[in-house]
Amino acid sequence: MDDINNMWCFACGPQNPIGLKLKFREEGDTYISTFIAGPEHQGYDGIMHGGLVSTLLDEIMARYVYAKGLTAVTAKLEVRYRQPTPIGQELRISGWITSQRGKMYELAGKIALPDGTVTAEGKAMVAIKGDE
Ligand SMILES: CCCCCCCCCCCCCCCC(=O)SCCNC(=O)CCNC(=O)[C@H](O)C(C)(C)COP(=O)(O)OP(=O)(O)OC[C@H]1O[C@@H](n2cnc3c(N)ncnc32)[C@H](O)[C@@H]1OP(=O)(O)O
């Protein structure tokens, strides 16, 4: 699962023509990305599709572990949709590690609007593959 072969990651791969092309930065112990959904990302009119909301949360949490140099896969994902996530507004996606036991990391994440309103929250268990 090296970087070269992962360039087509739907959420973050720079070579995927229909991907979300997310970029990331670390602020303290939190992993951050931003995204503006368009009409092609909606379910109901004006509202981001819930599956893609889950994708944003999945990515911010699993990729944080990957960014630490570990081959990480999501083992479990829970999403709470607090309110509709609109298209056309900058979404701030953040994720952080809440605990670690052996090869299993637990993380939390959220999606917030520019005014700070949280539209969705996530929890994930992320497993490390192999002997890392
Ligand atoms: C410049 C640009 C570069 C671009 C660069 C691109 C980077 C590239 C992207 C990187 C960012 C990826 C972000 C996307 C992240 C995904 O989307 S990953 C894809 C989705 N996930 C998967 O496909 C994972 C599939 N599942 C698996 O591989 C395996 O089930 C797992 C998760 C590794 C676990 O398997 P295992 O290690 O064999 O463990 P297993 O024996 O099943 O379980 C051992 C114990 O662990 C615990 N456990 C295991 N699974 C669970 C679970 N789901 N819930 C609770 N407990 C569990 C339990 O205690 C379990 O014991 P039992 O309850 O079975 O007695």
Side-chain angles (χ1 to χ4, degrees):
M1 291 206 216
D2 54 282
D3 276 358
I4 297 292
N5 291 324
N6 288 327
M7 290 286 170
W8 283 68
C9 170
F10 175 72
C12 68
Q15 287 183 2
N16 188 329
I18 63 157
L20 306 181
K21 296 191 176 64
L22 297 178
K23 294 196 170 79
F24 305 87
R25 64 182 188 278
E26 195 174 15
E27 287 180 8
D29 292 331
T30 305
Y31 207 44
I32 308 282
S33 187
T34 57
F35 184 68
I36 301 177
E40 67 275 28
H41 302 118
Q42 66 187 7
Y44 287 111
D45 188 34
I47 308 294
M48 192 174 186
H49 194 287
L52 292 175
V53 171
S54 292
T55 297
L56 295 178
L57 289 166
D58 182 22
E59 182 73 13
I60 201 74
M61 294 187 275
R63 203 180 191 286
Y64 194 18
V65 181
Y66 169 86
K68 293 182 178 296
L70 301 164
T71 304
V73 293
T74 307
K76 189 175 180 184
L77 177 66
E78 182 184 313
V79 177
R80 180 163 179 188
Y81 298 96
R82 286 194 163 271
Q83 54 180 273
T85 297
I87 65 168
Q89 289 193 46
E90 184 170 272
L91 306 175
R92 185 179 199 267
I93 310 136
S94 54
W96 57 94
I97 295 167
T98 54
S99 70
Q100 184 207 348
R101 193 156 43 91
K103 290 192 164 195
M104 205 60 88
Y105 284 71
E106 289 190 15
L107 294 98
K110 66 180 180 184
I111 296 176
L113 302 180
D115 68 1
T117 303
V118 174
T119 65
E121 294 169 331
K123 286 183 193 168
M125 291 181 66
V126 174
I128 307 307
K129 297 281 261 187
D131 297 327
E132 297 160 83

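Residues: numbered from 1 along the sequence shown. When a ligand or atom number is given, it counts from 1 through the structure's own listing order.
- Contact detail for Leu57 and Gly122: the closest heavy-atom pair is CD1-N, 4.0 Å.
- The Ala127 neighbourhood of ligand 1 comprises atoms 32 (C), 33 (C), with distances under 4.0 Å to a heavy atom of that residue.
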Output a table of donor-acceptor pairs, distance under 3.5 Å, between side-chain atoms of residues 91-99 and any protein atom two or more places apart or on a different chain; print 'none' if there are none.
unit_1 : atom_1 : unit_2 : atom_2 : d
Arg92  : NH2    : Glu27  : OE1    : 2.9
Thr98  : OG1    : Glu106 : O      : 3.0

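- Thr30 and Tyr64 share no donor-acceptor pair across their side chains, judged by distance under 3.5 Å alone.
- Heavy atoms of Cys12 found under 4.0 angstrom from ligand 1 belong exclusively to the side chain.
- Closest heavy-atom approach to atom 55 (C) of ligand 1 among the candidates Met7, Met125, Glu59, Met104: Met125.
- Here the shortest heavy-atom pairing between Gly38 and Ile87 reads O-CG2, 3.5 Å.
- Ligand 1 lies out of reach of Gly13, whose nearest heavy atom is not under 4.0 Å from it.
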Compile the donor-acceptor pairs under 3.5 Å between side chains in residues 16-24 and protein atoms, sequence neighbours left out, one pair per line.
unit_1 : atom_1 : unit_2 : atom_2 : d
Asn16  : OD1    : Ile18  : N      : 2.9
Asn16  : OD1    : Gly19  : N      : 3.1
Asn16  : ND2    : Trp8   : O      : 3.1
Lys21  : NZ     : Asn16  : O      : 2.7

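- Nearest heavy atom pair, residue Thr119 against residue Pro84, reads CG2-O, 3.8 Å.
- Heavy-atom proximity to Ala62, at under 4.0 Å, picks out these atoms of ligand 1: 13 (C), 15 (C).
- The residue from Lys21, Lys129, Lys23, Arg101 that puts a heavy atom closest to atom 28 (O) of ligand 1 is Lys129.
- Nearest-heavy-atom check against atom 15 (C) of ligand 1 across Thr71, Thr74, Thr55, Leu77 picks out Thr74.
- The shortest N/O to N/O separation between Pro14 and ligand 1 does not fall below 3.5 Å.
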